[in-house]
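Okay, so here's the structure we're looking at.
Each chain gets a letter, A, B and so on, in the order the sequences are listed, and its residues count up from 1. Hydrogens, waters and symmetry mates are skipped; everything else that's a heavy atom, side chains included, is used.
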There are 2 protein chains.
Amino acid sequence: MSRKRPTIRDVAREAGVSYATVSRVLNGRDWVSPEAVRAVQDAIARTGYTTNQHARSLATGRSGSIAFLLTEPQHLLFEDPNFSVLLRGVAQALSDREQTLILMIASTPEERLRTIAFLNGGHVDGVLLVSPHSGDPLLTQLVQAQVPIVACGRVLGLEEMISSVSADDRAGARTATEHLIAAGCRRIATITGPLDTSGGVDRLAGYTDALMAHGLPIDHDLIVHGDWTRQSGAAGIRALLDRAPDVDAVFAASDAMAAATLPVLRDAGRGVPADVRVVGFDDSGLAATTEPPLSTVRQPLERISEEMVRLLVDVINGRTPLSITVPTGLVLRSSSPA
Amino acid sequence: MSRKRPTIRDVAREAGVSYATVSRVLNGRDWVSPEAVRAVQDAIARTGYTTNQHARSLATGRSGSIAFLLTEPQHLLFEDPNFSVLLRGVAQALSDREQTLILMIASTPEERLRTIAFLNGGHVDGVLLVSPHSGDPLLTQLVQAQVPIVACGRVLGLEEMISSVSADDRAGARTATEHLIAAGCRRIATITGPLDTSGGVDRLAGYTDALMAHGLPIDHDLIVHGDWTRQSGAAGIRALLDRAPDVDAVFAASDAMAAATLPVLRDAGRGVPADVRVVGFDDSGLAATTEPPLSTVRQPLERISEEMVRLLVDVINGRTPLSITVPTGLVLRSSSPA
DNA sequence: CTGAAAGCGCTTACAG
DNA sequence: CTGAAAGCGCTTACAG
């Protein structure tokens, strides 16, 4: 297409130095005389030189790119606004480091196969994993292939092998539940996330923590399991109304599930928050736009994506895996005001 | 990290042929004897060989990757569910062609600069453009750099230079408006999209087409401009209720804007669809979950993403730019039933 | 501080 | 049909 792009040799000629020197100022490692540096920089500007990443990668063995890997079935991924925010943050952080972001979606078996081959093939320096489910064979394969990985949320059972950055799910859930207790609720239900994710188990643990700390019983009729989606939230609240008609609050482990309880409660003639208080988790864009707006637990996704990238760079550089937890905060809106 | 991966030479040794032959069977271009092919394939399987894309790119001058470029300010991009569906479809289509998808976000001035440099640097074979606004200098720069591009939606003023795939916005809008006319509405308003996008102007044109075809006047009090977002939808309907209290229908150029009219209409005491019918555009996930669910114009995003990739491959191979339009369809729900 | 040179792993005319 | 060889554009010891 476009005519030949200038190479390092063109720059060298223009600057009157050897092309090894050009490479040196490009990489800024070895010592180069100030005059040479200036001459090269000028030459780069004049020629419009831009480094050929493929040649560099071939020489260094580093690809200069990172994969953002999605393993959930698509509908979950793209329904979840958290995902977008995370992606945005990661793109930003990577761009700042001059790394490119490769998006990979591995939902179908075929895609999963291709993904493994690709990642295994050294095409990327590392991978960022979103919403990993423990027991996913893909994860073990990645670990075996010694691909540097950082997950969003701990990978249950592989914590030692896979670095991760998580919100403080347990503390967040506990705070939310204690808020409901403080508001006088005594029949507090929860709709959990999938229990093969750290978010799922930790948010449930935070809920029971709060109950126990306040001497309230753990009633299994008040615990239903969802998978983060609206559908599961709607199904969950229906089951709850059925099993425990005296429910006076529900803590849903995601905003999507919490939002889905609202129309069901309305149709059942239960006022929110008058009859049933509702608290979600995520503080996604959704939370502020529901009717009534949702109280929820905010997780600092910008911070999470930033830390994920930073950590991944460390892991790529050979540092040992690490788990990072970032704090969450309660956001009160009309669905369960102060 | 991982120990040395097998190269083409390892495969050659294992297969007992020269490595040039291995390369030939890999690329499947030149004639190779069946025995050699089999020997090489076996050797590939045994060694677990996987091609080094960087080496290949360096030799061929093709990067094997495509950029998915987002130029909107982030909030727009990630609020819009269409974007996700498009991204998903593109990822799929690209994966089928063994191309990698590089996600680039160019919203801040700094990011835009880096983006231009990157794209200009031949790091990708082509770029897929989402929601381009005409007059964006980035577009002209890309065209000048002769980067192969396919846009989603025509790029107004650059139609000849930039291939595009669009929904049939005009026909869709016309159909929606005619449906409202057929339902007996006579004071039909519209909330437009941005008029520097083909979606914005074409949907407005479809609206006026329908009005004129049925002898209804074009009343500027009934036309307000939005930018696809909920906020602009809410502001739009408020302005309409103010300027034209007798409005009996609104056609919004996006589901997000249509959805945002609902609570405002409710608060204003207008029943939907009894007093005011509402029709959106996109048939995004949103449309089915609003209260009441939205009638809308469906655009086949899966098809659009597929065509975008196919077209881009053509353009990369030197074919001349082309514009493709795919049909839309009216989807009726409670906000404006049949 | 800076050349000359080898090498990264492939592709592709060039000769057979 | 298949070798041997050059070349893609860089980085990085190796010698000065």
Does R310(A) have any salt bridge (Lys or Arg N to Asp or Glu O under 4.0 Å) partners at least two apart in sequence or in another chain, and if so, which? E307(A), D314(A)
Residues in ring-ring contact (aromatic ring centres under 6.0 Å, His included) contact with F118(A), at least two apart in sequence or another chain: H123(A)
Quick one: which residue pairs count as a ring pair (Phe, Tyr, Trp, His ring centres under 6.0 Å) with a foot in residues 43-62 of chain A, not counting sequence neighbours? H54(A)-H54(B)
How would you list, by chain and number, every residue that makes a salt bridge (Lys or Arg N to Asp or Glu O under 4.0 Å) with R9(A), sequence neighbours excluded? none
Result block: side-chain N/O donor-acceptor pairs under 3.5 angstrom for residues 156-167 of chain B, not counting sequence neighbours:
{"residue": "E159(B)", "atom": "OE1", "partner": "G157(B)", "partner atom": "N", "Å": "2.8"}
{"residue": "S163(B)", "atom": "OG", "partner": "L322(B)", "partner atom": "N", "Å": "2.9"}
{"residue": "S164(B)", "atom": "OG", "partner": "S323(B)", "partner atom": "OG", "Å": "3.1"}
{"residue": "S166(B)", "atom": "OG", "partner": "R154(B)", "partner atom": "N", "Å": "3.4"}

Of all pairs that satisfy salt bridge (charged side-chain N to carboxylate O under 4.0 Å, His left out), the ones with a partner from residues 40-56 of chain A, not counting sequence neighbours: E14(A)-R46(A)
Looking only at side-chain N and O atoms, does S23(A) come under 4.0 Å of OP1 or OP2 in dT11(D)? yes
Pairs flagged by salt bridge (charged side-chain N to carboxylate O under 4.0 Å, His left out) wherever residues 94-110 of chain B is involved - sequence neighbours left out: R114(A)-D96(B)
Can you check nucleotides 3-6 of chain D for protein contacts, nitrogen or oxygen pairs under 3.5 Å, and list what you find?
{"residue": "dG3(D)", "atom": "OP2", "partner": "S18(B)", "partner atom": "N", "Å": "2.9"}
{"residue": "dG3(D)", "atom": "OP2", "partner": "S18(B)", "partner atom": "OG", "Å": "2.8"}
{"residue": "dG3(D)", "atom": "OP2", "partner": "T21(B)", "partner atom": "OG1", "Å": "3.0"}
{"residue": "dG3(D)", "atom": "O6", "partner": "R24(B)", "partner atom": "NH2", "Å": "2.4"}

In whole Å, what is the span from the CZ atom of R56(A) to the P atom of dG9(C)? 18 Å
Just how far is it from atom CE of M104(A) to atom CG of L69(A), taken to the nearest 0.5 Å? 7.0 Å
Does A93(B) have any side chain to side chain contact (heavy atoms under 4.5 Å, CB included) partners at least two apart in sequence or in another chain, and if so, which? V309(B)
P spacing across the pair dG16(D) / dT12(D), given as an integer number of angstrom: 22 Å
So what is the 5' to 3' dot-bracket string for DNA chain D, if pairs are Watson-Crick or G-U wobble with both distances under 3.5 Å, crossing pairs use [ ] and | means the partner sits on another strand? |||.||||||||.|||
Check ion pair R88(B)-E306(B) (N to O, under 4.0 angstrom): no
Between R62(B) (CZ) and dG9(D) (P), how many Å, whole number? 16 Å
Going by side-chain hydrogen bond (donor to acceptor under 3.5 Å, both in side chains), name the residues that satisfy it together with T50(B), two or more places apart in sequence or in a different chain. none
Which residues in residues 48-55 of chain A have a heavy atom closer than 4.0 Å to any atom of DNA chain D? Y49(A), T51(A), N52(A), A55(A)
Could you work out which one of dC8(C), dC10(D), dT12(C) sits closest to the side chain of R9(A)? dC10(D)
Under 4.0 Å: is that the gap between some side-chain N or O of T60(B) and OP1 or OP2 of dT11(C)? no
